[in-house]
J.: 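Once you've had a glance at the structure underneath, I'll fire off some questions.
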2 protein chains.
Amino acid sequence: MPTIKVEPDDIIDRLMEVFRTVGYDGATLSKLSKATGLQRASLYHRFPGGKKAMAEAVLAHAGAWLDTHVLAPLTSSGTPQARLQKMAEALDTFYVQGGKSCLLDSLSFGEGSAIFHEHIRTAFAHWIEALAALVVESTGCPTAEARRRAEDAVLSIQGALVLARGTGNTQPFQRVLKHLPSLLLPARRSPTQRSP
Amino acid sequence: MPTIKVEPDDIIDRLMEVFRTVGYDGATLSKLSKATGLQRASLYHRFPGGKKAMAEAVLAHAGAWLDTHVLAPLTSSGTPQARLQKMAEALDTFYVQGGKSCLLDSLSFGEGSAIFHEHIRTAFAHWIEALAALVVESTGCPTAEARRRAEDAVLSIQGALVLARGTGNTQPFQRVLKHLPSLLLPARRSPTQRSP
DNA sequence: GTCTATAGGAAGATAGAC
DNA sequence: GTCTATCTTCCTATAGAC
């Protein structure tokens with residue numbers, strides 16, 4: 001146990017950087033090797049399950065991060081605005097001001113879609129449920145309406161990341177983060193009703 | 001010239017189905033061959049530039065579709081609501097009620113990101129500009145505000161597709177399409193100002 | 001214009017030395 | 001725990017018959 005343990009989190013972070021940038025099919029062992037500084041065989045020593053196991057470890061790491069930095073703040077004490085603010089700050093860091101893609105998007109194409117579909121599905125579900133619960137608790141609005149707003153929030157974040165990747169413009173992402181409170185906790189008038 | 005011409009649009013459609021589902025890196029010649037019913041060599045006969053040329057043809061085809069079914073209706077005559085309705089119907093068809101992904105998303109990962117970035121960037125730009133022009137023309141609001149609303153519209157569509165692919169739930173996509181008029185042409189009150 | 005056959009290389013994965 | 005060397009499979013792309 002006195003042997004120096006090479007931080008596995010560093011490795012995971014570097015693997016994640018590859019998967020979120022090029023997707024599952026694009027993440028070749030060569031790229032993963034280069035990104036981590038480890039030879040292919042060394043990666044197989046740490047992840048006997050190969051590339052699939054690496055992506056699963058990355059997804060698990062991101063899931064834990066979601067729990068800690070997004071879901072936990074949403075259910076903490078403090079005003080709803082403060083809790084959303086915590087989440088927004090965490091997302092801003094995780095997505096590097098909108099410049100990095102979401103694994104839930106990049107891993108849902110190609111071979112990854114079949115392998116990780118259940119994991120991706122539950123990640124979205126937990127995120128939406130936590131936001132909807134906050135909306136219900138804070139506004140007392142019906143659960144169906146709260147769920148719609150929560151879906152809109154998550155969808156806006158994901159869309160802003162797609163737009164940022166496609167255009168190089170991260171302003172929409174910043175704007176979405178900033179307007180999360182007004183989207184989720186509007187002062188009055190049901191957003192389902194629109195003017196004549 | 002009397003030789004029967006095998007519809008190239010059918011081929012393009014089948015190629016597009018592969019690229020939008022698995023991305024550029026995931027689109028192997030085997031999958032493209034199986035999807036089109038043509039052997040690899042036959043695909044190279046039609047697309048001497050190989051896989052890259054196939055994806056470019058698909059992207060050009062989608063770009064032409066965008067011009068015809070999205071951009072043209074937006075600049076046509078008729079009420080703004082009617083024009084947005086035309087666009088929404090076209091998008092609903094193109095994305096198969098939210099069940100299919102957008103090429104601008106799937107082709108922006110991995111090797112495709114470098115190859116198609118400029119094409120993707122301009123596609124987003126034209127789409128947003130056309131929507132912003134409609135907003136300015138219809139509401140007379142400042143161009144900066146119109147552009148924000150246009151970005152929000154595109155971003156919501158993209159995010160809804162990501163969410164649909166991740167969760168299997170296409171209701172948010174349907175809701176986004178339905179609420180495009182209220183998002184882009186709200187009756188009153190600037191959306192940048194939120195209540196105290 | 002389509003096919004079979006194949007070249008040449010990169011993919012994921014493993015064996016075994018150190 | 002990391003490495004070099006290697007295996008097998010699959011990849012993109014081409015040659016040439018029909």
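Protein chains get the first letters and strands the later ones, always in sequence-line order, with residue 1 at the start of each.
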J.: Any idea which of C:dA13, D:dT2, C:dT2 is nearest the B:L38 side chain?
T.: C:dT2
J.: Please report, rounded to the nearest Å, how far the C1' atom of D:dA15 is from the CZ atom of B:R40.
T.: 15 Å
J.: From the list D:dG1, C:dT4, D:dC3, which nucleotide is the closest neighbour of the side chain of A:R46?
T.: D:dG1
J.: Can you tell whether the side chains of A:E151 and A:R148 come within less than 4.0 Å, N to carboxylate O?
T.: no
J.: Within this structure, what is the NE2-to-P distance between A:H45 and D:dG1, rounded to whole angstrom?
T.: 5 Å
J.: Rounded to whole Å, please give me the gap between CG in B:D25 and P in C:dG12.
T.: 11 Å
J.: B:L43 has an atom CG; how far is it from atom P of C:dT4, in whole Å?
T.: 13 Å
J.: Given C:dG12, C:dT4, D:dT2, which nucleotide is nearest the side-chain atoms of A:Y44?
T.: C:dG12
J.: CG of A:L29 versus P of C:dG9: gap in Å, rounded?
T.: 20 Å
J.: Which listed nucleotide (C:dC3, D:dC11, D:dG1) is nearest to the side chain of B:S30?
T.: D:dC11
J.: Mind checking B:T28 for me? I need base, sugar-phosphate or nothing, with any heavy atom below 4.0 Å counting as a touch.
T.: sugar-phosphate
J.: Round to the nearest Å and state the distance from A:Y24 atom OH to C:dG12 atom P.
T.: 9 Å
J.: Any side-chain heavy atom of A:F19 within less than 4.5 Å of one from A:L59?
T.: no
J.: Does A:R83 pair with A:E137 as a salt bridge, N-O distance under 4.0 Å?
T.: yes
J.: What is the separation between atom NZ on B:K52 and atom P on D:dA13, rounded to the nearest whole Å?
T.: 10 Å
J.: Taking atom C1' of C:dG9 as reference, at what distance in whole Å does atom NZ of B:K51 sit?
T.: 15 Å
J.: Can we say B:K52 and B:E111 salt-bridge, meaning some charged N sits less than 4.0 Å from an Asp/Glu carboxylate O?
T.: no
J.: What contact category does A:A27 fall into here, base, sugar-phosphate, or nothing, at under 4.0 angstrom with non-hydrogen atoms?
T.: sugar-phosphate
J.: May I ask you to verify if any side-chain N or O of A:S42 is less than 4.0 angstrom from the OP1 or OP2 atom of D:dC3?
T.: yes
J.: Answer yes or no for A:R20 and A:Y95: cation-pi contact, defined as NZ/CZ to six-membered ring centre under 6.0 Å and angle to ring axis within 45°.
T.: no
